[in-house]
Amino acid sequence: MEAMAGKADATMSKVEPQSERSAPQRPAALKLRVTSDPAFLAPVRRSVEHFSGQAGLDVKAAGELGLCVNEAMANVTRHAYGGATDKPVEVDVDFDGEAVRVRLRDWGHGHEPPTEPKHDPLKPGGIGLVCLKQLLDGFEFTKLPDGMRLTMKRNLNHGRAS
Amino acid sequence: MNPLKTDSELVPSARKEGQFVIAALCGEIDLHNSPELRHVILTLMQQNAPQRLVLNLMQVPYMDSSAVAVLVEALQKMRKVGGKIFLTNLQPRVQGLLEIARLSSVFTIVLDEPEALTP
């Protein structure tokens, strides 16, 4: 992979949103194809937050979903890819009228994280899963033959099932 | 007041006042740039051996868990030498993450620099 620019903004050209849906009242689905380089964390997070705002999430809710995506992507780089920064990551975002869903796909080792996060505030690690548990209305790890897919859901009416 | 050089856009200004080192952080901090933040903060601590480290987060609208890990590492190093770390001017998203990480009561969080510097 070519060397990344120092500023995350410089990587935006490598994020390729594509329209999938034409319903005028809903934001078009996003397909973001990036690598596991942490330089992509900020542009992907901002894209998800912008999409979530268009879908109707308020600024705080959109930011919380963005944080979850940030943490999940960082865990893909750190754990699924063992720190490698040139591996593929796909982020698909859509809105069904009730919830924003983010699907994060990697082709790493496919190990599912523990269901119950064990987080000691003074030890590194574990905050990402705590974020998923506290800030989302649902998330699911799906083990695939060649990696993992994490689906994250945030309802417009946070806390209610959709 | 003694200005300190950091050579990092993440910590554009720092100074030493007696036992205090006061550093202003700037920008969104995630796994991409948190290693740089770690280097700058640990270098400031190593070179100046402060008893009180004040990190002004007014210009930090966002950080992720990797940045929080840097703050925790700094906290633990300060505790080892009997020192203390203050976080000031927290922005809502940073405050929220510290609460999620159950760290808002672990750090000494104050409103602003003058409050941190008050004996």
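Each chain gets a letter, A, B and so on, in the order the sequences are listed, and its residues count up from 1. Since this is a predicted model, take the numbers as computed values, not measurements. For the numbers below, each heavy atom of this structure counts, side chains included, while hydrogens, waters and symmetry mates do not.
Residues B/F20 and B/V40 fall into different hydrophobic clusters, defined by Ile, Leu, Val, Met, Phe, Trp and Tyr side chains chained together at heavy-atom separations under 4.5 Å. Cluster annotation: A/V130 and B/M63 are assigned to the same hydrophobic cluster (Ile/Leu/Val/Met/Phe/Trp/Tyr, side-chain heavy-atom contacts under 4.5 Å, transitive). No single ILVMFWY cluster, assembled from side-chain heavy atoms under 4.5 Å apart, contains both B/V54 and B/V11. A single hydrophobic cluster is seen to contain both A/F95 and A/F139, as judged by linkage of ILVMFWY side chains at heavy-atom distances under 4.5 Å, directly or through other members. Cluster membership for A/Y81 and A/L129, using ILVMFWY side-chain heavy atoms within less than 4.5 angstrom, is shared.
Taking a 6.0 Å sphere around NE2 of A/H158, one finds it holds more than 12 heavy atoms contributed by other residues, nucleotides or ligands. The environment of A/H79 atom NE2 is dense: over 12 non-hydrogen atoms of other residues, nucleotides or ligands sit within 6.0 angstrom.
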Quiz: residues 108-119 of chain B side-chain donor-acceptor pairs under 3.5 angstrom, not counting sequence neighbours:
residue	atom	partner	partner atom	Å
B/D112	OD1	B/E115	N	3.1
B/E113	OE1	B/R15	NH1	3.2
B/E113	OE1	B/R15	NH2	2.8
B/E113	OE2	B/N56	ND2	2.9
B/E115	OE1	B/L111	N	3.1
B/T118	OG1	B/P114	O	2.6

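When side chains are defined from C-beta on, A/F40 does not count as touching B/H32, because their heavy atoms never get closer than 4.5 Å. At least one side-chain heavy atom of B/L97 sits less than 4.5 Å from a side-chain heavy atom of A/C131. Residues B/S66 and A/R78 meet the side-chain proximity criterion, which asks for heavy atoms closer than 4.5 Å.
Here the OG-CG distance, from B/S34 to A/L41, works out to 9.5 Å after rounding to the nearest 0.5 Å. The OG1 atom of A/T85 sits 10.5 Å away from the CG atom of B/L31 when rounded to the nearest 0.5 Å. Put simply, CG on A/N70 and CG on B/D30 are 5.5 Å apart, with the number rounded to the nearest 0.5 Å.
Of the possible donor and acceptor atoms, none in the side chain of B/E28 sits under 3.5 Å from a partner among the backbone N and O of A/A42.
Identified by a heavy-atom distance below 4.5 Å to chain A, the contributing residues of residues 73-83 of chain B are B/L75, B/Q76, B/R79, in residue-number order.
A cation-pi contact, defined as under 6.0 Å to the ring centre and within 45° of the axis, links A/R45 to B/Y62.
The shortest non-hydrogen separation linking A/E71 to B/D64 is OE2-CB, 3.3 Å.
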